[in-house]
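In what follows, a structure is listed as structure tokens, so that the remarks can point back to it.
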Amino acid sequence: MVSFTGFVTTIRRHPKKTLFGAAVLYWVSNKALFKWRLAKERDACCKAARQYGDQPYDHLKRVPRYHIILNRRAGEGDNVELFEKNVEPLLQLAAIDFDLSRTHNSEEVRTLAEETDFKDYTGIIVVGGDGTLQEVLSGMLQRPDAEEIRHKPIGLIPVGQANTFASQLMPFKENRPRESVAMRHTLGIIRGQTCVTDTLKVTWSDAHHPTFALGHVGWGLFGEMAYRGQERRWPGKARYEMAAYLSLLFHSVFESCSGKLEFKTADGEWHSVETTFSSLIGTSLPTHNFHDRYLDKARSRNDGFMTLAYTTSPPTGRVDLFKAVRAMHNGEAFVDLPNVVSHTITEMKLTPEMPPQPVPAQPTVVEPEQEPVEQHEQQSSSLATDASPLNVADSTVFDGEYDAQGEAPKDPGRQQKQQLVEEKEEQEDKEDKDKKEEPEPWSHKCMYTVDNSRYYSRPLHVQILPQYLTFFTPYVGDLALLKPEQVEEDTMFKSGPAPLNNLTEAYKGSMVANEDEY
């Protein structure tokens with residue numbers, strides 16, 4: 001009793017230290033509880049994957065083999081550790097063969113998707129975010145054998161920050177860790193359960209190969225959000241909204257987004273609008289960037305249509321756009337906001353009003369200095385000696401007599417050759433520097449956004465390809481009920497596309513109580 005009274009007295013005498021200690025204890029206990037629950041789920045996922053690996057081998061079936069493309073720089077940058085700890089063990093326990101390719105940037109991702117021979121692979125697994133997935137699709141769908149490759153199922157391990165498309169495959173939970181999401185998607189790949197989705201084909205006026213995407217194409221305010229949001233990754237989930245607020249406060253680029261918009265509605269008729277767009281977006285998904293930033297709640301990822309929504313300036317000003325960004329943050333759909341014009345379309349063409357093309361600067365011509373006749377003759381004779389091998393030329397320098405200091409006499413011809421070599425190297429360095437300092441391509445100041453990736457503004461043509469690609473769906477049910485079975489096609493998508501709300505409700509039937517433990 002005395003010790004307890006002394007403990008209470010100590011707490012009362014040191015309130016600041018007590019509060020700090022309580023906060024530290026609370027944080028440590030939550031961290032330990034989180035790790036324990038994650039380890040528990042990882043153990044359950046490993047047991048479920050082992051059941052598939054313990055199945056008798058059927059010689060009539062082909063052993064699954066996948067090509068994995070891992071982007072190191074996607075998301076928080078710890079993708080290699082996340083893959084090795086949560087994804088690779090499940091694939092090995094399920095006796096799935098795979099080849100792993102690690103990339104460092106988007107150019108390597110696209111090059112790998114363009115040049116890899118996928119003939120002997122069952123499917124492709126992408127470990128990255130929305131940008132990584134877009135580069136893989138754009139690389140594999142512009143190959144000569146694209147029609148054959150597009151039928152191979154694609155598995156997505158979402159490790160990005162937005163994960164817009166992945167949120168359409170799996171019901172989002174605010175406190176679900178990235179490791180849990182990765183393991184659930186891996187179990188979906190092991191099960192082999194698939195679904196189909198629409199694809200956007202973006203054709204550029206000055207590019208030979210098109211760009212393929214699964215989400216949206218935006219301009220105006222949406223383009224500024226992607227452009228400045230990619231530069232500021234530290235705010236995390238709020239970076240796109242912060243980019244929108246900063247653009248509205250300090251930048252006016254989106255106010256000069258004038259151009260001609262042509263679109264084909266669901267009834268097959270073409271319409272045309274020529275005005276100044278303060279914001280414009282065409283999307284095949286119900287959300288933008290994150291699961292709760294709605295563009296059109298009635299849109300589905302496999303219904304064969306996309307939603308076109310835009311605002312014009314005037315009447316929509318900066319204050320109205322501030323309110324629109326805030327309303328989307330609170331769960332309202334962009335198409336339901338005031339001054340927003342929306343259509344259900346299948347194609348659209350956008351021709352921006354380009355700024356005047358800059359006139360390239362004329363290069364300055366410097367006349368060479370005239371050399372003396374004797375020096376010119378000496379240079380000609382030295383050039384003639386270049387035809388001889390280098391070792392012979394070197395030997396002639398040291399075959400002469402040495403001076404009093406023991407040094408070989410200087411050869412004027414050799415010095416002249418060295419000078420020519422140095423001048424040639426300087427010229428090559430200057431040419432390389434000029435190539436690096438090439439000006440940016442002539443385009444509009446406001447950039448496009450294609451699935452949160454930035455592109456220079458120029459005329460484009462967007463088409464939707466209905467149910468064009470096949471993706472693995474993650475497993476969201478009770479891990480104890482997961483049993484090996486042959487799943488040819490997801491029956492939920494067999495009867496046709498379903499809105500996002502119905503998809504979420506269908507998944508809720510298989511959710512169990514242990515899903516709320518995080």
Side-chain angles (χ1 to χ4, degrees), residues 105-115 130-144 146-147 149-150 164-165 198-227 229-230 253-254 256-264 270 272-274 276-277 279-285 288 306-310 345-358 360 438-466 468-469:
N105 51 56
S106 58
E107 294 181 1
E108 293 184 9
V109 172
R110 176 172 290 212
T111 303
L112 188 64
E114 291 176 355
E115 300 177 355
D130 295 327
T132 306
L133 181 60
Q134 181 201 106
E135 295 295 340
V136 171
L137 297 182
S138 299
M140 60 181 282
L141 294 180
Q142 67 184 14
R143 297 158 50 118
E147 188 63 27
I149 294 180
R150 77 175 184 88
T164 306
F165 178 74
D198 299 336
T199 306
L200 297 181
K201 180 181 179 181
V202 184
T203 306
W204 310 97
S205 61
D206 59 348
H208 178 65
H209 297 294
T211 300
F212 293 87
L214 298 172
H216 60 267
V217 178
W219 197 40
L221 179 61
F222 292 101
E224 285 292 289
M225 291 172 63
Y227 173 64
Q230 291 290 344
V253 177
F254 61 90
S256 60
C257 296
S258 301
K260 182 179 181 180
L261 173 65
E262 301 173 84
F263 55 92
K264 184 179 180 181
W270 282 91
S272 177
V273 177
E274 191 168 357
T276 301
F277 302 95
S279 63
L280 184 148
I281 192 167
T283 177
S284 61
L285 299 179
H288 173 255
M306 58 179 174
T307 298
L308 171 64
Y310 61 87
I345 64 172
T346 57
E347 291 184 56
M348 77 171 186
K349 299 178 181 179
L350 181 59
T351 306
E353 184 177 333
M354 306 297 288
Q357 188 171 5
E438 289 182 356
E440 295 180 352
W442 172 59
S443 66
H444 198 278
K445 294 181 180 179
C446 187
M447 304 186 73
Y448 287 134
T449 169
V450 181
D451 282 0
N452 298 328
S453 297
R454 302 168 291 179
Y455 290 86
Y456 289 107
S457 297
R458 65 265 201 197
L460 60 77
H461 181 201
V462 183
Q463 298 172 281
I464 188 165
L465 307 177
Y468 194 70
L469 295 174

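Quick caveat: nothing in here was measured; it's all calculated off a predicted structure.
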I need the minimum non-hydrogen distance between [X] and [Y], along with the two atoms involved.
| X | Y | answer |
| --- | --- | --- |
| Thr199 | Ala213 | CG2-O, 3.4 Å |
| Ser457 | Tyr448 | CA-CE1, 3.4 Å |
| Leu200 | Gly215 | CD1-O, 3.5 Å |
| Asp198 | Pro466 | OD1-CA, 3.3 Å |

How about [X] and [Y]: do any of their side-chain heavy atoms sit closer than 4.5 Å?
| X | Y | value |
| --- | --- | --- |
| Trp270 | Lys349 | yes |
| Phe212 | Leu465 | yes |
| Tyr455 | Leu460 | no |
| Tyr456 | Met447 | yes |
| Arg150 | Leu469 | yes |
| Pro352 | Pro459 | yes |

Roughly how far, to the nearest 0.5 Å, is the [atom2] atom of [Y] from the [atom1] atom of [X]?
| X | Y | atom1 | atom2 | value |
| --- | --- | --- | --- | --- |
| Glu115 | Met140 | CD | CE | 15.0 Å |
| Glu135 | Asp451 | CD | CG | 10.5 Å |
| Thr351 | Glu262 | OG1 | CD | 6.0 Å |
| Thr449 | Leu221 | OG1 | CG | 11.0 Å |
| Leu350 | Lys260 | CG | NZ | 11.5 Å |
| Ile281 | Met306 | CD1 | CE | 11.5 Å |

Problem - Distance flag, aromatic centroids of Phe222 and His216, threshold under 6.0 Å - result: no

Problem - Positive for side-chain contact (heavy atoms from CB on, under 4.5 Å) with Leu308, one of Thr283, Val273, Leu261, Val462 - result: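 Going through the options one by one, the only one that passes is Leu261.
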
Fill in the blank from the handout: Of Thr164, Val109, Leu214, the one forming a side-chain contact (heavy atoms from CB on, under 4.5 Å) with Leu133 is Leu214

Problem - Gln134 side chain vs Ser453 backbone, donor-acceptor pair below 3.5 Å - result: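 No; zero donor-acceptor contacts below 3.5 Å.
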
Problem - Result of checking His209, Arg143, Gln142 against Glu114 for side-chain hydrogen bond (donor to acceptor under 3.5 Å, both in side chains) - result: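 Testing each of His209, Arg143, Gln142 against Glu114, the sole residue satisfying side-chain hydrogen bond (donor to acceptor under 3.5 Å, both in side chains) is Gln142.
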
